[in-house]
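Inspection log for the structure reproduced underneath, given as structure tokens.
Throughout, protein chains are lettered first and strands after them, A, B, ... in sequence-line order, and every chain is numbered starting at 1. Computed from heavy atoms alone, side chains included, the values below leave out hydrogens, waters and symmetry copies.
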Number of protein chains: 2
Amino acid sequence: MTECKQQHNPEECTKMIVPVRDALEILNGKWKLPIILSLTFGAKRFKQISKDINGITDRMLSKELKDLEVNQLVKRTVHDTFPPTVEYAITEHGKSLEKMITELRNWGLEHRKQIMGNN
Amino acid sequence: MTECKQQHNPEECTKMIVPVRDALEILNGKWKLPIILSLTFGAKRFKQISKDINGITDRMLSKELKDLEVNQLVKRTVHDTFPPTVEYAITEHGKSLEKMITELRNWGLEHRKQIMGNN
DNA sequence: AGTATTACTACCCTCAATGATAGTGCTATA
DNA sequence: TATAGCACTATCATTGAGGGTAGTAATACT
């Protein structure tokens with residue numbers, strides 16, 4: 001971490017923030033990270049993902065999967081069986097989110113403890 | 001990481017997702033992580049933060065700071081000088097987000113490279 | 001006298017995110 | 001026969017995130 005104190009170089013700080021905002025733009029909304037996490041446990045089909053993620057609607061899942069595909073985080077594969085089955089898998093690039101999601105998850109667990117404690 | 005394969009134990013996966021969703025609920029929106037990152041470089045005043053974060057309006061900054069305060073990620077201190085100055089600082093609990101934000105930031109930088117490459 | 005700064009609050013508005021519900025074409029199962 | 005599952009798509013409605021503009025009380029600068 002470089003320095004970015006109030007009195008020093010405020011523009012440094014602005015620059016640090018940019019890639020965070022980039023990332024947030026790709027991963028925005030309630031559902032993208034849960035979907036990615038679900039797929040880190042193996043390729044899955046549409047209905048399977050929707051069962052993993054409590055409360056997501058088909059409409060949202062469909063849309064979010066499309067977004068993730070466009071951003072190369074998820075790969076969609078159609079198998080030409082009868083009936084055709086569709087499988088979603090995480091890409092290498094998607095896997096690079098694993099560490100970050102783990103940190104987020106741990107923080108979520110910590111936060112719950114923290115809030116419980118301070119009542 | 002415990003196992004959570006399609007054929008094995010789908011409920012495991014659901015459980016893994018819960019704390020991620022908890023975290024996302026606290027940190028949602030475009031602005032909270034940028035604000036926290038800005039404050040990891042030292043306590044700052046309102047206008048200073050708004051200068052660090054390009055594009056945020058006073059209205060949003062005010063609201064997000066309030067949210068962060070409620071969730072004990074940011075501490076607000078009023079100094080009774082004339083005129084009174086208000087200082088925002090990150091809490092210990094807020095600091096526990098640092099690793100996660102660093103991971104997110106690195107991913108943001110990686111992602112930019114990735115997307116540039118595949119055109 | 002006029003303008004700027006600080007740390008906001010109030011009001012109004014728009015649009016994107018999300019939710020609810022239903023439908024489709026096909027197959028498998030009871 | 002009918003019921004259910006799959007992988008969606010379409011339509012409609014709602015909500016909330018976020019933006020635009022303005023105002024305020026106090027002081028400080030020019």
Item to check | SB check A:Glu103 B:Lys99 (cutoff 4.0 Å) | outcome: yes

d([atom1], [X]; [atom2], [N]) in whole Å:
| X | N | atom1 | atom2 | answer |
| --- | --- | --- | --- | --- |
| A:Glu87 | D:dC6 | CD | P | 14 Å |
| A:Gln48 | D:dG5 | CD | P | 14 Å |
| A:Ile49 | D:dG5 | CD1 | P | 18 Å |
| A:Asp67 | C:dT18 | CG | C1' | 13 Å |
| A:Leu65 | D:dT9 | CG | P | 11 Å |
| B:Lys66 | C:dT9 | NZ | C1' | 8 Å |
| A:Asp80 | C:dC26 | CG | P | 17 Å |
| B:Lys47 | D:dA26 | NZ | C1' | 15 Å |

Checklist entry - Any side-chain N or O of A:Thr57 under 4.0 Å from OP1/OP2 of C:dA20? => result no

Next on the checklist: Can you see if the side chain of B:Lys30 gets near the phosphate of D:dG19 - specifically, an N or O under 4.0 Å from OP1 or OP2?
Outcome noted: yes

Taking only the side-chain heavy atoms of [X] (C-beta and beyond), determine which of [options] contains the nearest atom.
| X | options | result |
| --- | --- | --- |
| B:Met60 | C:dT6, D:dA7, D:dG18 | D:dG18 |
| A:Trp31 | C:dG19, C:dC12, C:dA7 | C:dG19 |
| B:Tyr88 | C:dC8, D:dG20, D:dC8 | C:dC8 |

Checklist entry - With A:Asp22, which of B:Arg112, B:His111, B:Arg105 fulfils side-chain hydrogen bond (donor to acceptor under 3.5 Å, both in side chains)? => result B:Arg112

Item to check | 5' priority, DNA chain C, between A:Asp58 and A:Asn28 [closest heavy atom] | outcome: A:Asn28

Checklist entry - Has the side chain of A:Arg21 got a donor or acceptor atom that lies under 3.5 Å from a matching backbone atom of B:Asn54? => result yes

Checklist entry - Under 30°, 30 to 60°, or over 60°: which ring-plane class applies to A:Trp107 and B:His93, parallel, tilted or perpendicular? => result parallel

Item to check | Comparing B:Lys63 and A:Val86 on DNA chain D - which has the more 5′ nearest nucleotide | outcome: A:Val86

Next on the checklist: Using 0.5 Å steps for rounding, measure from the CD1 atom of B:Ile101 to the NZ atom of B:Lys95.
Outcome noted: 13.0 Å

Next on the checklist: On the side chain of A:Arg59, is there an atom forming a donor-acceptor pair with the base of C:dT18 - under 3.5 Å, no angle test?
Outcome noted: yes

